[in-house]
2 protein chains.
Amino acid sequence: MGDSGLRERKKARTRETILREAFRLFRERGYAATTVEQIAEAAEISPATFFRYFPAKEHLVALDRFPPLVEALAAQPPGPPVTVLRGAFRTAFAALSAEEIAAGHAREVFAATVPELLVANLRRSPGLIREVCEVVAGRAGCAADDPRIRNAVGAVLGVVAMVWLAWAGDTGMDGPAEIDRALAHLESGLSL
Amino acid sequence: MGDSGLRERKKARTRETILREAFRLFRERGYAATTVEQIAEAAEISPATFFRYFPAKEHLVALDRFPPLVEALAAQPPGPPVTVLRGAFRTAFAALSAEEIAAGHAREVFAATVPELLVANLRRSPGLIREVCEVVAGRAGCAADDPRIRNAVGAVLGVVAMVWLAWAGDTGMDGPAEIDRALAHLESGLSL
DNA sequence: TCCGATATGAGAGTCAACTCTCATGTGAGA
DNA sequence: TCTCACATGAGAGTTGACTCTCATATCGGA
């Protein structure tokens, strides 16, 4: 039952191949213009097998592999919402840098056609947002449905989304650092 | 060539019928679960005709009919980004209240399944965002690609999005007023 | 080495968005 | 009233995501 057998390793390798080839194609011709059949062919599997690895094409661009932001949030000391969220992003990205960026995945994710990526992920985000609000409210000593919490979380997510978009268009940018700078700016009241 | 003929009036009526029936079905069974064929049947037109009115099912939920935010922005006096944007939202919603909310459209839009509505619209938003950034930069006396502008616009849009979501889930809420309150909170530095 | 569980491929099939063509009907202007 | 432009319906066709079934191949344990 361990995951060390040849079978498991083979599955993991197939999974990686699918992801790698899929993102390569997305980069070349865009998300919508890439068919599952093409991905399957590039990964040298049958289309049927593709769906045994991913329940839907959408799931390829899921940010499930994103660093556990909520976890990082829970580890933050109490403080005002924006400060707590900024710290959480820093923590989460520190973990990501070591693992995912270094592994070369992150670049592929960002290089993928961005609007579609956002679109596919937004469908899953309401739950995440609620969770974030709850933890932040706890750290700030407010109720989870306090408008001030909602506003702070919204502002942070908006700022991060904008940087994210800019990052996707400029692979030379140091994303995590830029996000931290932007959140510092927000923390200081968006001064001019 | 005027738009006062019987032909034009008929087309307008058909268009309204399609929208009304579509949103009714969306509300009843969700966006994804509603097929174009069902919409066409409810509106008493053929599926082919549906596509003569809307190039894609997605276009039904486009916020193209949203108040001209960019226009309202251009009418704002110079000032810091958040202040300018807050004023623009107020102006834009004032126009909307009289026309669209009263016409009963707004409620239908908000009552529609929210995730898919957001998803469909996000695809069209990059252009809007860039436009907003440019105007705001002009009003604040900065370059359009100034990170501070980007951050402010991101924060405002994030805050508005959160209120919007809450509004969709609580039709009793006074959306425009709540958005204005939220932006005032952001303007004052998200104080606790 | 043999057997059972499981991964895969092949291929047919479903479903829905969207396109195209062609025939018909109905306003608009002369 | 006549005629032309155009809106519509009918219906077939295309595409791509996703499902199902069944035969085959391969791994893992006995």
Side-chain angles (χ1 to χ4, degrees), chain A residues 1-23 25-26 28-62 112-113 115-117 119-121 123-124, chain B residues 1-23 25-26 28-62 112-113 115-117 119-121 123-124:
Chain A
M1 221 195 271
D3 45 10
S4 59
L6 176 55
R7 240 176 165 111
E8 303 306 318
R9 262 177 291 145
K10 221 176 168 181
K11 277 176 72 171
R13 204 181 322 135
T14 302
R15 193 186 163 82
E16 289 308 309
T17 305
I18 294 173
L19 283 170
R20 178 168 27 86
E21 294 302 314
F23 278 107
L25 291 171
F26 290 167
E28 281 176 20
R29 57 187 84 171
Y31 175 86
T34 303
T35 71
V36 170
E37 199 172 344
Q38 291 165 351
I39 297 171
E41 191 183 350
E44 294 179 306
I45 57 170
S46 77
T49 300
F50 172 90
F51 288 104
R52 290 193 184 101
Y53 279 86
F54 297 91
K57 182 183 167 188
E58 257 191 14
H59 278 63
L60 286 171
V61 288
T113 329
E116 277 90 355
L117 192 152
V119 158
N121 277 290
R123 188 166 294 161
R124 264 179 289 278
Chain B
M1 223 194 266
D3 45 10
S4 59
L6 175 55
R7 240 181 166 102
E8 302 305 318
R9 265 176 290 143
K10 224 176 167 180
K11 275 175 72 171
R13 203 178 324 132
T14 302
R15 192 187 163 83
E16 290 308 311
T17 305
I18 294 174
L19 282 170
R20 176 166 29 84
E21 294 301 314
F23 278 107
L25 291 171
F26 291 167
E28 281 175 23
R29 58 187 83 171
Y31 175 86
T34 304
T35 71
V36 169
E37 199 173 344
Q38 291 165 351
I39 298 171
E41 192 183 350
E44 294 179 306
I45 57 169
S46 76
T49 299
F50 172 91
F51 289 105
R52 289 194 185 100
Y53 280 86
F54 298 91
K57 181 184 168 189
E58 258 191 11
H59 278 62
L60 286 172
V61 289
T113 326
E116 279 91 357
L117 192 152
V119 160
N121 278 290
R123 187 167 295 164
R124 263 179 290 277

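Quick caveat: nothing in here was measured; it's all calculated off a predicted structure. To find a chain, count down the sequence lines: A is the first, B the second, and so on, and within it residues start at 1.
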- Note on the structure: d(A:E37 CD, A:E41 CD) to nearest 0.5 Å is 7.5 Å
- A:I45 vs A:T17 side-chain heavy atoms within contact, under 4.5 Å: no
- Query: Of B:A56 and B:K10, whose nearest nucleotide on DNA chain C comes first from the 5' end?
  - Reply: B:A56
- Message: Tell me which residues in residues 35-45 of chain A lie within less than 4.0 Å of DNA chain D, going by non-hydrogen atoms.
- Response: A:T35, A:V36
- Rounded to the nearest 0.5 Å, what separation is found between the CG atom of B:L19 and the NE2 atom of B:H59? 12.5 Å
- Please state how far atom CZ in B:R13 lies from atom P in D:dA7, giving the value in whole angstrom units. 15 Å
- Atom NZ of B:K11 to atom C1' of D:dA7: distance rounded to whole Å? 8 Å
- Spacing between B:R7 atom CZ and C:dG27 atom C1', to the nearest angstrom: 5 Å
- Query: Should we say atom CD of B:Q38 is surrounded by more than 12 heavy atoms from elsewhere, each under 6.0 Å from it?
  - Reply: yes
- Note on the structure: Separation between CZ (A:R7) and NZ (A:K10), nearest 0.5 Å, reads 9.0 Å
- Separation of atom CZ in A:F51 from atom P in C:dA10, rounded to whole Å: 16 Å
- Item | Atom pair distance, as rounded to whole Å: CG in B:L60 and P in C:dA17 | 11 Å
- Note on the structure: On a heavy-atom basis, the closest approach of A:A32 and A:K57 is O-NZ, 3.8 Å
- What bend angle does the helix from C:dT1-D:dA30 to C:dA30-D:dT1 show across its length, from five-pair end axes and to the nearest 10 degrees? 20°
- Item | Beyond-backbone contact of A:T34 with A:F23, side-chain heavy atoms, under 4.5 angstrom | no
- Separation of D:dC22 atom C1' from A:R52 atom CZ, nearest Å, is 11 Å
Expected list for residues 47-56 of chain A: side-chain donor-acceptor pairs under 3.5 angstrom, two or more places apart:
from, atom 1, to, atom 2, distance (Å)
A:T49, OG1, A:S46, OG, 3.1

- Message: Please determine whether a side-chain nitrogen or oxygen atom of A:Y53 lies at a distance below 4.0 Å from atom OP1 or OP2 of C:dT8.
- Response: yes
- Message: Please tell me if A:T49 has a side-chain N or O lying less than 4.0 Å from either OP1 or OP2 of C:dG9.
- Response: yes
- Figure out the CG/P separation between B:L6 and C:dG29, and round it to whole Å. 11 Å
- Task: Mind checking the NZ-CZ spacing from A:K11 to A:R15? Nearest 0.5 Å is all I need.
- Result: 10.0 Å
- Whole angstrom is fine here: how far is it from CZ in A:F50 over to P in D:dG16? 15 Å
